[in-house]
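Contents: one structure, followed by commentary.
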Amino acid sequence: KQWYQRRVAITAGIAKLENLESNTELDELYLSHNGISQIENLDSNLDLSTVDLSHNKIEYLDNLSHLASLSELWMNDNSIKSFEELTKIEKLKEIETVYLERNPIYEDTMYRKKIQLYLPNIKQIDATYVRL
């Protein structure tokens with residue numbers, strides 16, 4: 001496969017995730033710096049290993065739990081207010097890296113520890129590796 005068939009990167013004021021259904025072999029999705037407010041319409045994109053939705057308006061980690069190959073989730077600079085949102089991705093066995101800095105939860109003094117409690121197999125939080 002060519003790299004451009006398996007990767008989508010768009011930064012152009014997108015407000016909604018849509019029209020990705022036919023791209024079933026999509027491996028990486030980069031949609032940072034848009035106006036996306038909810039995660040949706042990824043039901044057919046089961047091969048996604050990297051999802052970058054940073055710098056959007058997302059509050060909830062919905063519609064990701066079916067992405068069994070997801071290893072990197074970039075959600076920094078969004079509107080995630082509760083660590084409980086991590087329960088929606090805690091069963092993803094491949095997830096190794098999450099970026100959640102500059103969300104409301106980032107203000108918590110136990111930010112890294114709480115992420116580790118919800119995602120015990122995480123290897124990297126933001127740009128820092130987790131100490132074992």
Side-chain angles (χ1 to χ4, degrees):
K1 303 286 177 203
Q2 298 294 324
W3 73 269
Y4 57 84
Q5 290 176 316
R6 297 188 51 92
R7 184 178 298 164
V8 169
I10 301 171
T11 305
I14 294 172
K16 185 173 181 168
L17 275 174
E18 57 189 352
N19 301 318
L20 296 170
E21 302 85 16
S22 63
N23 206 340
T24 57
E25 294 183 12
L26 190 63
D27 180 53
E28 299 176 6
L29 180 64
Y30 298 95
L31 294 172
S32 66
H33 296 86
N34 284 290
I36 299 167
S37 60
Q38 63 182 357
I39 303 167
E40 60 187 340
N41 299 320
L42 297 177
D43 301 330
S44 302
N45 308 109
L46 300 177
D47 291 340
L48 281 170
S49 64
T50 300
V51 172
D52 178 359
L53 292 168
S54 60
H55 295 270
N56 277 287
K57 300 175 183 178
I58 298 168
E59 287 185 49
Y60 307 106
L61 297 177
D62 294 330
N63 303 312
L64 293 169
S65 61
H66 68 287
L67 301 177
S69 299
L70 190 65
S71 61
E72 294 192 28
L73 179 62
W74 303 351
M75 295 297 299
N76 52 289
D77 300 280
N78 272 287
S79 301
I80 299 169
K81 296 179 180 98
S82 172
F83 287 98
E84 287 293 312
E85 288 303 306
L86 297 175
T87 62
K88 297 173 182 176
I89 61 168
E90 68 185 355
K91 289 189 172 43
L92 296 176
K93 294 184 180 0
E94 298 298 318
I95 194 122
E96 295 182 346
T97 302
V98 291
Y99 280 81
L100 292 165
E101 60 193 342
R102 292 180 300 277
N103 276 283
I105 61 171
Y106 186 64
E107 302 302 317
D108 191 305
T109 56
M110 298 295 289
Y111 168 76
R112 291 180 62 80
K113 284 286 182 206
K114 287 183 179 181
I115 292 172
Q116 287 177 270
L117 284 173
Y118 283 100
L119 306 173
N121 296 323
I122 204 75
K123 294 187 171 126
Q124 182 179 334
I125 300 170
D126 304 324
T128 308
Y129 286 103
V130 172
R131 289 188 219 171
L132 300 176

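When every heavy atom of Met75 is checked against every heavy atom of Asn103, the shortest pair comes out as O-ND2, 2.9 Å. Between Asp27 and Asp47, the shortest heavy-atom distance links the atoms OD1-O, 3.4 Å. Across all their heavy atoms, Asn34 and Gly13 have their closest contact at OD1-N, 2.9 Å.
The distance from atom CD of Glu21 to atom OG of Ser44, rounded to the nearest 0.5 Å, is 6.0 Å. Taken from CG in Asp43 to CG in Leu20, the straight-line distance is 11.0 Å, to the nearest 0.5 Å. Atom OG of residue Ser37 and atom CG of residue Leu53 lie 11.0 Å apart, to the nearest 0.5 angstrom. Between the CD1 atom in Ile36 and the CG atom in Leu17 there is a gap of 4.5 Å [rounded to 0.5 Å]. To the nearest 0.5 Å, atom CD of residue Glu28 and atom CD of residue Glu72 are 8.0 Å apart.
Leu100 places none of its side-chain heavy atoms less than 4.5 Å from the side chain of Glu85. Taking the side chain as every heavy atom from C-beta outward, Leu48 and Leu26 approach each other to under 4.5 Å. Contact check for Asn45 versus Leu29: no side-chain heavy atoms found under the 4.5 Å cut-off. Side chains of Ile95 and Ile122 form a contact here, defined as non-hydrogen atoms less than 4.5 Å apart. Contact annotation: the side chain of Thr50 approaches that of Tyr30 to within less than 4.5 Å [non-hydrogen atoms, C-beta and beyond]. Using a 4.5 Å heavy-atom threshold, the side chains of Ile89 and Leu70 count as separate.
For Glu84, the side-chain contact (heavy atoms from CB on, under 4.5 Å) test picks out Ser82, Thr87, Tyr118, with sequence neighbours left out. Taking the salt bridge (charged side-chain N to carboxylate O under 4.0 Å, His left out) definition, one finds that Lys123 meets it with Glu96, sequence neighbours left out. Remark: Asp108 engages Lys114 in a salt bridge (charged side-chain N to carboxylate O under 4.0 Å, His left out) (not counting sequence neighbours). Annotation: ring-ring contact (aromatic ring centres under 6.0 Å, His included) contacts of Tyr129 (sequence neighbours excluded): none. Annotation: side-chain contact (heavy atoms from CB on, under 4.5 Å) contacts of Lys16 (sequence neighbours excluded): Glu18, Glu40, Asn41. Under the side-chain contact (heavy atoms from CB on, under 4.5 Å) criterion, Lys113 pairs with Met110, Gln116, sequence neighbours left out. Qualifying salt bridge (charged side-chain N to carboxylate O under 4.0 Å, His left out) partners for Glu59, counting only residues two or more places apart in sequence or in other chains: Lys81. Every side chain to side chain donor-acceptor pair (under 3.5 Å) that Asp52 has, sequence neighbours left out, goes to Ser54. Partners of Asp77 by salt bridge (charged side-chain N to carboxylate O under 4.0 Å, His left out), not counting sequence neighbours, listed by chain and number: Arg102. In this view, Thr97 satisfies the side chain to side chain donor-acceptor pair (under 3.5 Å) rule with no residue, not counting sequence neighbours.
For residues 60-70, the set of pairs meeting the side chain to side chain donor-acceptor pair (under 3.5 Å) definition, not counting sequence neighbours, comprises Asp62-Lys88. Pairs of residues two or more places apart, or lying in two chains, never qualify as ring pair (Phe, Tyr, Trp, His ring centres under 6.0 Å) while including a residue from residues 79-98.
Ring geometry, Trp74 versus Tyr99: the interplanar angle exceeds 60°, so the pair is classed perpendicular (tilted spans 30 to 60°).
Put simply, Ile105 and Leu117 are part of two different groups of oily side chains (I, L, V, M, F, W, Y) that touch within less than 4.5 Å, one to the next. Ile39 and Leu46 fall into different hydrophobic clusters, where Ile, Leu, Val, Met, Phe, Trp and Tyr residues are linked whenever their side-chain heavy atoms come under 4.5 Å apart, directly or through other members.
No donor-acceptor pair closer than 3.5 Å links the side chain of Asn56 to the backbone N or O of Asn78. Side-chain N or O atoms of Gln124 include one that pairs as donor or acceptor with a backbone N or O of Asp126 at under 3.5 Å.
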